[in-house]
Novice: 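Okay, handing you the structure first.
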Amino acid sequence: MSLDTRGERLEGRPGPPRETLGIRASTVTRRRLVGVTLVLAPAIWAFARALGSGTDVVNANGIPVLGRLLAAAGDPAHSVAFLEVVARAAGVTVVYAVLGTAAALVIGALGAVILSDVAWRDEPAPAVRAGRLVLRALLVAARSIHEVIWALLFLSVLGLDPLVAVLAIAVPFGAQTAKVYADILDAAPRQALSAMRARGAHSVPALAYGLLPPTAPLLLSYAFYRFECSLRSAVVLGVVGIGGLGAEIVVSLSSRNWDEVWTLIGAVVLLSAVVDLWSSSVRTDLAVASCSDWSAGSVAATSRTRSVRARWSAGTAVAALVVAWFASGVSWSGLVAPRTRMLTARLIDEMVPPALPSGGWPELGGAVLDTLSMAVLAMVLAVGLSVLLGPAATRVRPVRFLADPPLRWWTPRTAVRPVARVLLLLLRSVPPTVWAAIALLVLFPGILPGAVALGLYTGGILGRLVAEAWENIDLRPRDALRAAGVPAVAASLAAVLPPSSHHLVTYTLYRFEICVRDTAVVGVVGAAGLGSLFAENLDLFRFPVVTTLLLASLAVTVASEVAGRWVRKALTA
Amino acid sequence: MTSGDPVLRLCGVEQRFGLRTALSGIDLTVHPGERVALLGASGAGKSTLLSVLGGSLPPTGGTVEILGMPLAGLRAAGLRAAQRRIGTVGQRLDLVEQVRVLHNVNVGRLGRWNTARALTALALSRTDPTVEAALEAVGLGWAVHERTERLSGGERQRVAIARLLVQEPDLVLADEPVSSLDPSRAAEVLDLLRTATPDGTLVVSLHQPDLARRHCTRVVGLRGGQVVLDLPVAEVDDRHLADLYTAA
Ligand SMILES: Nc1ncnc2c1ncn2[C@@H]1O[C@H](COP(=O)(O)OP(=O)(O)OP(=O)(O)O)[C@@H](O)[C@H]1O
Ligand SMILES: [Mg+2]
């Protein structure tokens, strides 16, 4: 797999001396070796860790159960009463997602204005800069803790309240949004803004006139993407018992009503599909219209349809927010109620000082290693699925020559593409908790069921990401090779493989960071790792241990992000 | 010809960018009602001098006094208050591409508007007589609701002028405001710049000496970052100009 793009770049330059080329070639070889080691060594280690404990892995008793589950797919539950339950649960999930996204966007917008450099007219004072540093650290901590963990913490303070779901989505996603929005604001061109300031404009109007218009499309596009993620999270959060489709799935799974499980999964997939489609149509629209080019007027043709669709979407979003607000019965008063304050104070009081779990350092270290090997194995599975399904999910873009036979309007590929896309959609819209519950039917609790669940889920996301990237690969090199008489397959391999593997590697590293964080979810439902240790200790009200585990997950998440960045740099530099 | 206190007073102003000296030893006094043309070859320092005059580029040496206030002594709020009274038209027009022309014109009034007023104007997109009159004056009455990015180069330049008109400044600093306009438009725009202030005080950099002769009262010539010519327009002849544009 070629991880290096330097070879391509060198070709464009006029005659580099041979010696340099020789040195470059050896660096390339070394880098590939490093790359392969970096990929293979963790994978082997993770497999050894997952399988090596000597105990049974496969639960043979579960196989017939799995068979019954699969058999029930042919006859999902469809009684009117149950469909009503499903519809109501879907409504609850959407309401959580809408309110969670809205709150996350508010947090994100405020945080971004504070964190971004461009929003400040002058160099901020030292005290302000120190404050920003603290805020940045808090936001890193907030987003490194998974929504499910947040939900468990909020549950212990607020009790069973819809506010728990909204806050569990809003806090980590708000922190993430603040970071992304700050980057977007800082990347925007600022001449117009500085000119306004030089003309004596007040701070807020200057930002509204000079910074908002050029960044609005990107900010909006990310907001839609966040909504997509919130919807998935809202389903996952069902696992902690706060209602919605996720909670119904948990109930049906544990009472082994497989036909109901299928109906609910169908509803989840349908909902995700609609939101995915909506979001990606709005996003590509906006992206085409303005994000590709901020500098000058280059949009004429698309802007009309764009504004119509964007306006409809914005209108729908606002309406949905209002409806969700009234439908949810969420009241913020719960946040400031004396009881909440008392319980929060007590929780914080009990959480410090942190303490080790009963097994001491070995147990904590073991959980960290379990988490990491689970994430690595999940990524192995996800990459496998992406390599398998990704190419099938990409659009075919044939070159045609006079000598070629005329194009058939139907090829096997035209049928394969929708199938592959639906499979990917299914993989990513079934929440990882459900995948874990299914995996736990046939696998004994441990690293493996968690890795399988996360791998299936991540495979659905990774496959879609790389398929989208692959569809946009520049095919001119391939066409040039074809024109020079190279056979079709060879030309495709030579011209398409390097950039596609580059995309795959980039997205894999990026998803790995997220995957480490996601291990918490499957941990909560009984796989191994920090997540399961967390759920266990929270159940036993061992709050000092909970603090330690939160700090450990923070450290692991940050470390994996830093490592990811480092590997990316090492591979592309 | 000159009356009252000077609107601008520069004493030994020097501007360095790293090792490069863009301006050195600039002494310049501009009185109300004067229309100063800045002439000079490309790279002579015209744009740099205009940025210093507008208070957006603090000079590395010398003193600048704007509208009677020494620049160095101004705090941020005071500087902003002074800048509100200076209308600038830059070489880069600094328009916001993604909004309607109307809003780019309103940007001229942001210094005077409070936050609520500015935000409602942006949200409601309603025109008012001031905006319409300004756009009418630059011949863009039809473009109020047009998206700025769709306008031609010359039209965009005129939007920048309309923005200046609604600002109602006491002094106008313009950097090549007519570089992409046809000759008759250019004459029109230079007249407009004059009417933007009550006294008609104007400092404008130009690449066409003819326009300077016709529209200004005084010519300041820059070469290599120094003032090499400072004469009433009637006394400037072709020899002076030839000197200005030959390599230093
Ligand atoms: N921000 C900066 N950093 C470094 N050098 C600069 C900067 N701004 C201007 N200069 C340099 O200062 C000198 C004067 O530039 P200036 O833009 O003032 O020239 P000008 O007379 O406006 O030219 P033109 O007619 O081409 O607009 C040039 O040599 C330029 O490269
Ligand atoms: Mg210039």
Novice: Which atom pair, heavy atoms only, marks the closest approach of B/Leu93 to B/Arg163?
Specialist: O-NH2, 3.0 Å
Novice: With only heavy atoms counted, which part of B/Thr115 is less than 4.5 Å from chain A, the side chain, the backbone, both or neither?
Specialist: both
Novice: Examine whether an atom of B/Arg117 lies under 4.5 Å from a heavy atom of chain A, and if so say whether it belongs to the side chain, the backbone or both; otherwise answer neither.
Specialist: neither
Novice: Please classify the contact of B/Ala121 with chain A as side chain, backbone, both or neither, using a heavy-atom distance under 4.5 Å.
Specialist: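 Backbone plus side chain of B/Ala121, per the 4.5 Å heavy-atom cut-off to chain A.
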Novice: Would you be so kind as to tabulate the donor-acceptor pairs closer than 3.5 Å made by side chains of residues 103-119 of chain A, with sequence neighbours excluded?
Specialist:
from, atom 1, to, atom 2, distance (Å)
A/Ser116, OG, A/Ala112, O, 3.2
A/Asp117, OD1, A/Arg132, NH2, 3.0

Novice: Ring centres of A/Tyr225 and A/Tyr222 under 6.0 Å apart?
Specialist: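 Close enough - the centres of the two rings lie under 6.0 Å apart.
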Novice: Relative to chain A, which segment of B/Leu95 carries a heavy atom at a distance below 4.5 Å: side chain, backbone, both, or neither?
Specialist: backbone
Novice: When you compare the side chain of B/Pro169 with that of B/Arg85, does any pair of heavy atoms fall below 4.5 Å?
Specialist: no
